[in-house]
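To start, the structure under review is shown below, and the notes come after it.
All values below come from the heavy atoms of this structure, side chains included, with hydrogens, waters and symmetry mates left out. From a predicted model like this one, the values you see are computed outputs, not experimental measurements. Each chain gets a letter, A, B and so on, in the order its sequence line appears, and its residues count up from 1.
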Protein chains: 2
Amino acid sequence: MNDEMSRRRGRPPGKPETNPAERILDAAAESFATHGSRGASMRTIADAAGMRAPSIYNHFASKDELLIAVGKRYFAALVPELQAASRMPGSGVERLEHLIRVATAVSTAHPFDHLTMVRELMQVRREPGAESLVADGQRCIAIWHLVIRRGQADGSLRRDITPAGMTWLIFTAITGLTDPGRRADILGDPSTRNVDTLCAVLIDGARPVRGG
Amino acid sequence: MNDEMSRRRGRPPGKPETNPAERILDAAAESFATHGSRGASMRTIADAAGMRAPSIYNHFASKDELLIAVGKRYFAALVPELQAASRMPGSGVERLEHLIRVATAVSTAHPFDHLTMVRELMQVRREPGAESLVADGQRCIAIWHLVIRRGQADGSLRRDITPAGMTWLIFTAITGLTDPGRRADILGDPSTRNVDTLCAVLIDGARPVRGG
DNA sequence: GTCTATAGGTAGATAGAC
DNA sequence: GTCTATCTACCTATAGAC
């Protein structure tokens, strides 16, 4: 019984995942995304990570720092991919397609990190240690804006929408894609093919209007 | 001092809003949407509604019931509008445009109700009293699916996306539109014109692909 | 670096005066 | 129908043994 209690929620057998900090981050991200940062307790996070709550404080100084660490991990995965995609050759609409592809890939690969960042990170924006998160967020937005502006300049993207508006629409669609609770309900089959088609709708909607 | 404390956060002077239950619902929706259902406390909700926490229990039996009441108010505003829009004459894509228009109007008119429903209502799905919420949600989804299927049948909507996928994409875009925290950051100017253009992107993306 | 025990604070909800 | 006072439970975080 003690054996079963001490290492609960085992990760898939083939994956040892011996790093405690990473285990804690995984558990925290899922808990934050599912129950909100206030609904997630250090006890349940620790439980999912296979330890007791006080042990978390050997790796992270506070709950807020845990929240910030999840955000940092997310941007560490996203920013380099976005930068690379924005530098690929092709027309504006093609580069935007690359951006959507990599952003969707990163966010569906780490859905809980994405949702934690979107829904819970506003609360710790002004906390010490969160400055880099704000900077990374602005860096990402700047990349999207630049690519869209260039697409509008070369005529491959419609000009009646602001880069900010289009960025927001794409970002919010990706956020919906990562929502594990609603995915199954509404999407039914979360197959990659379906996701690609949804991205195609966004891209086709972003092209210049016919005859215009 | 007691005078200032007892009736805090006054609504606009011209609006008496004497109904306590409605005041509580307004305060609860904003608090739920902003801080999450766990981050929102009965004390702060009561404070925003101009009363003390125990007084809320004269109108709602528990915090969960308050959450459910917000969801009910949202669907009471949305469902009739969706039904009316789905019955308007025209092609499938035109009816879908009507749906998007009324759904956007309702959700931006009651953004906190919408966000509360989206983010926090999953937790009380199986609570007694929440059955009608689940039913209303399924009713809305059915309307969207029907309109989209008809549009695909009459050739005014692309056929390579499932009704569920398109519904989800639109719904998630509307959710993003209601987010008061991010609206200003990303959209910049929350003017109606901008919102209409974003809806146009969705509609244009949903039309049959060119040459196909 | 993990644990048990616990401090200190705040949450939801109730009792009962008015 | 609103209030003050309060109960009980849970939360974050710390202390200190091992």
Tell me, for nucleotides 12-18 of chain C in 5' to 3' order, what letter each nucleotide earns: B for a base near a protein heavy atom under 4.0 Å, S for only sugar-phosphate near one, - for neither?
BBB----
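- Atom CZ in B/R23 sits about 12 Å away from atom P in D/dG1, given to the nearest Å.
- Contact annotation: B/S55 reaches the phosphate of D/dC3 (side-chain N/O to OP1 or OP2, under 4.0 Å).
- Nucleotide C/dC3 holds its P atom 10 Å from the CD1 atom of A/I56, rounded to whole Å.
- Rounded to whole Å, the distance from CZ on A/R52 to P on C/dT4 is 5 Å.
- A/F32 places its CZ atom 13 Å from the P atom of D/dC11, with the value rounded to the nearest Å.
- With sequence neighbours excluded, the residues satisfying salt bridge (charged side-chain N to carboxylate O under 4.0 Å, His left out) with A/D160 are A/R158.
- Looking at residues two or more places apart in sequence or on another chain, you find a salt bridge (charged side-chain N to carboxylate O under 4.0 Å, His left out) between A/R73 and A/E22, A/D26, A/D113.
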Atom pairs and distances, donor-acceptor, side-chain atoms in residues 133-140 of chain A, under 3.5 Å, two or more places apart:
residue: A/D136; atom: OD1; partner: A/R139; partner atom: NH1; Å: 3.1

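- Put simply, CG on A/L67 is 16 Å from C1' on D/dC11, counting in whole angstrom units.
- The side-chain contact (heavy atoms from CB on, under 4.5 Å) test applied to B/A85 returns B/H98, B/L99, B/V102, not counting sequence neighbours.
- Distance NE2 (A/H35) to P (C/dA11): 20 Å, rounded to an integer number of Å.
- Annotation: salt bridge (charged side-chain N to carboxylate O under 4.0 Å, His left out) contacts of A/R101 (sequence neighbours excluded): A/E97.
- Counting to the nearest Å, the P atom of D/dC3 and the CG atom of B/D47 are 11 Å from each other.
- A side-chain donor from one of A/Y74 and A/H114 sits under 3.5 Å from a side-chain acceptor of the other.
- The distance between atom NE2 of A/H59 and atom P of D/dA13, rounded to the nearest whole Å, is 16 Å.
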